[in-house]
Undergrad: 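The structure is given below, and queries will be raised subsequently.
The figures here come from the full heavy-atom set of this structure, side chains too, leaving out hydrogens, waters and symmetry mates. The structure displayed is predicted, hence computed values, not measured ones.
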Amino acid sequence: MTKLGIIGAMTVEVETLKESLENMTASTRTGMEFYEGKLEGLDVVIVQCGVGKVNAAMCAQILCSCYGVTHLVNTGIAGSLCADLDIGDLVVSRDAMYHDFDCNAFGYPSGKVPGMDVIAFPADETMIRYAFAAAEAVNPGHTKIGRVASGDQFVAEKELKNKIIERTQGLCTEMEGAAIAQTAYRNGVPFVILRAISDKADDSAEMDYPTFERIAAHRCAQVTKTLAKQLKEANQ
Ligand code: ADE
């Protein structure tokens, strides 16, 4: 039976989803609160992982090892790396890679984690399809499918933004997705990342982020609910 782990980056987003959770029980591990229950009739575990790759990977592994999730979705906000992606628009991951992982000195290409057989961790085709349909239902005509570029940096400079685009060809940048993707990949758990654009990851990012984070986070929560509904219907 499907059990969806939902990893949110922000309080506002997790709170919105929590309000819709039925038969909720809560438990704490490594300082993170895990909320189990039914969202749109689907068994889910919702958790706010905190910022950055280590928090994200820990959280995803706990969901796999301790809560037995069968699927993972990471939802949150991101900086745009693409001129066609404006604030409020949505990105569904085709795959995810690190923009700050560098073993070039040993001949590895940028982003490649030694020992892994891929540079970018591929999202699940079915979850991509459902996430895209859910995003289109909430905000028609404003969703792109592509690469998510993750690193332990809030990107707020044009120069860094351009370097990340060159290294990754990503559509958006954030701080957790690829770590969740790598964890899901190693556990054989299908995943997708769903992000709403809160800023342009350039010199305007520090101003735009606080203005738009709530709007973007709410939009993501709406899409995640719709995704849960679709997964439930597909499993009936
Ligand atoms: N999340 C939202 N905007 C971001 C940015 N510009 N850089 C990294 N993470 C983000």
Undergrad: Quick one: does I193's side chain get under 4.5 Å of V92's, heavy atoms only?
TA: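 With C-beta onward as the side chain, the pair stays apart.
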Undergrad: Between Q61 and N187, does any side-chain donor sit less than 3.5 Å from a side-chain acceptor?
TA: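 Distance-only check passes for Q61 and N187.
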Undergrad: Taking the side chain as every heavy atom from C-beta outward, state whether F34 and I62 have any atom pair closer than 4.5 Å.
TA: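 Sidechains of I62 and F34: in contact.
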Undergrad: Determine, using the 4.5 Å side-chain heavy-atom cutoff (strictly less than), whether I7 and M32 are members of one ILVMFWY cluster.
TA: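 They do share one cluster, since a chain of ILVMFWY contacts under 4.5 Å joins I7 to M32.
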Undergrad: Does some side-chain heavy atom of E36 sit less than 4.5 Å from a side-chain heavy atom of K3?
TA: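 In contact.
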Undergrad: How far apart are the C-alpha atoms of Y35 and V45, what are their side-chain angles, what is the distance that settles it, and do they pass the side chain to side chain contact (heavy atoms under 4.5 Å, CB included) test?
TA: CA-CA 5 Å; Y35 301 102; V45 188; over 6 Å; no
Undergrad: Given the rule in the side chain to side chain contact (heavy atoms under 4.5 Å, CB included) test, do Y98 and K53 qualify, once you have shown the distances and angles that lead to the verdict?
TA: CA-CA 9 Å; Y98 301 116; K53 295 186 300 187; 3.6 Å; yes
Undergrad: Do the side chains of K18 and E33 get close enough for a salt bridge, i.e. N-O under 4.0 angstrom?
TA: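 E33 and K18: not salt-bridged.
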Undergrad: If we only count heavy atoms from C-beta on, is the I197 to I77 side-chain gap below 4.5 Å?
TA: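 Sidechains of I77 and I197: no contact.
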Undergrad: Using a 6.0 Å cut-off, check whether atom NZ of K225 has over 12 heavy atoms from anything other than its own residue.
TA: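 Open: at most 12 neighbouring heavy atoms sit under 6.0 Å from NZ of K225.
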Undergrad: Can you find a heavy atom in the side chain of H142 that is under 4.5 Å from one in the side chain of E136?
TA: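 Of all side-chain heavy-atom pairs linking E136 with H142, none is under 4.5 Å.
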Undergrad: Quick check: are there more than 12 heavy atoms from other residues, nucleotides or ligands sitting under 6.0 Å from NZ of K229?
TA: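 No, the 6.0 Å shell around NZ holds no more than 12 heavy atoms from other groups.
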Undergrad: Indicate yes or no for a side-chain donor-acceptor contact from E159 to the backbone of N162 under 3.5 Å, with no hydrogens or angles considered.
TA: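 The answer is no, because no donor-acceptor pair under 3.5 Å joins these two groups.
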Undergrad: Taking it one step at a time, do L4 and T70 satisfy side chain to side chain contact (heavy atoms under 4.5 Å, CB included)?
TA: CA-CA 6 Å; L4 179 66; T70 59; over 6 Å; no
Undergrad: I want to check something: taking the side chain as every heavy atom from C-beta on, are Y108 and P114 in contact at a cut-off of under 4.5 Å?
TA: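 Yes - at least one pair of side-chain heavy atoms lies under 4.5 Å apart.
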Undergrad: Would a single hydrophobic cluster contain both L90 and I145, if residues Ile, Leu, Val, Met, Phe, Trp and Tyr are joined by side-chain heavy-atom contacts under 4.5 Å?
TA: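 Yes, one cluster joins them.
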Undergrad: Determine, using the 4.5 Å side-chain heavy-atom cutoff (strictly less than), whether V91 and F191 are members of one ILVMFWY cluster.
TA: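 Linked within one cluster.
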Undergrad: Given salt bridge (charged side-chain N to carboxylate O under 4.0 Å, His left out), test K38 with D43 step by step and report yes or no.
TA: CA-CA 5 Å; K38 285 202 184 283; D43 285 319; 3.0 Å; yes
Undergrad: Can you confirm whether more than 12 heavy atoms, excluding those of E157, are under 6.0 Å from its CD atom?
TA: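 12 or below, so no.
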Undergrad: Taking R195 as the fixed residue, which of N74, T173, D89, T75 is the one that meets the side chain to side chain donor-acceptor pair (under 3.5 Å) rule?
TA: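 Checked N74, T173, D89, T75 against R195; only one passes side chain to side chain donor-acceptor pair (under 3.5 Å): N74.
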Undergrad: Please work out whether the ring planes of Y185 and F121 are parallel, tilted or perpendicular, with thresholds of 30° and 60°.
TA: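 Tilted: the ring planes of Y185 and F121 meet at 30° to 60°.
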Undergrad: Can you find a side-chain donor-acceptor pair between S150 and E176 that sits under 3.5 Å?
TA: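 S150 vs E176: no donor-acceptor pair found between side chains.
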Undergrad: I'd like to know whether K161 forms a salt bridge (charged side-chain N to carboxylate O under 4.0 Å, His left out) with E166, so could you lay out the CA-CA distance, the side-chain angles of the two residues, the decisive distance to 0.1 Å, and finally the verdict.
TA: CA-CA 9 Å; K161 174 180 175 170; E166 196 186 314; over 6 Å; no
Undergrad: Could you tell me whether the side chain of R219 and the main chain of G88 form a donor-acceptor pair under 3.5 Å?
TA: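 Flag set: sc R219 to bb G88 pair under 3.5 Å.
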Undergrad: Quick one: are D199 and F154 in side-chain contact, heavy atoms under 4.5 Å?
TA: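 In short, these two side chains touch, coming nearer than 4.5 Å.
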Undergrad: Between S204 (side chain) and K200 (backbone), is there a donor-acceptor pair under 3.5 Å?
TA: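 Absent.
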Undergrad: The criterion is side chain to side chain donor-acceptor pair (under 3.5 Å); which residues satisfy it with N139, sequence neighbours excluded?
TA: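 N139: no side chain to side chain donor-acceptor pair (under 3.5 Å) contacts found.
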Undergrad: Could you check C103 against K112 for side chain to side chain contact (heavy atoms under 4.5 Å, CB included), going step by step and ending with a plain yes or no?
TA: CA-CA 7 Å; C103 283; K112 179 84 190 280; over 6 Å; no
Undergrad: Is a salt bridge present between D95 and R147, judged by a nitrogen-to-oxygen distance below 4.0 Å?
TA: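 Looking at D95 and R147, the cut-off is met.
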Undergrad: Could you state whether M97 and L81 fall into the same hydrophobic cluster, counting links through intermediate Ile, Leu, Val, Met, Phe, Trp or Tyr residues with side-chain heavy atoms under 4.5 angstrom apart?
TA: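 Looking at the clustering, L81 is in a separate group from M97.
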Undergrad: L21 and V69: same hydrophobic cluster, using ILVMFWY side-chain contacts below 4.5 Å?
TA: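 No; V69 is not reachable from L21 via cluster members.
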Undergrad: Just wondering, do V47 and V14 contact through their side chains at under 4.5 Å, heavy atoms?
TA: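 Result no, sub-4.5 Å side-chain heavy-atom pair not found.
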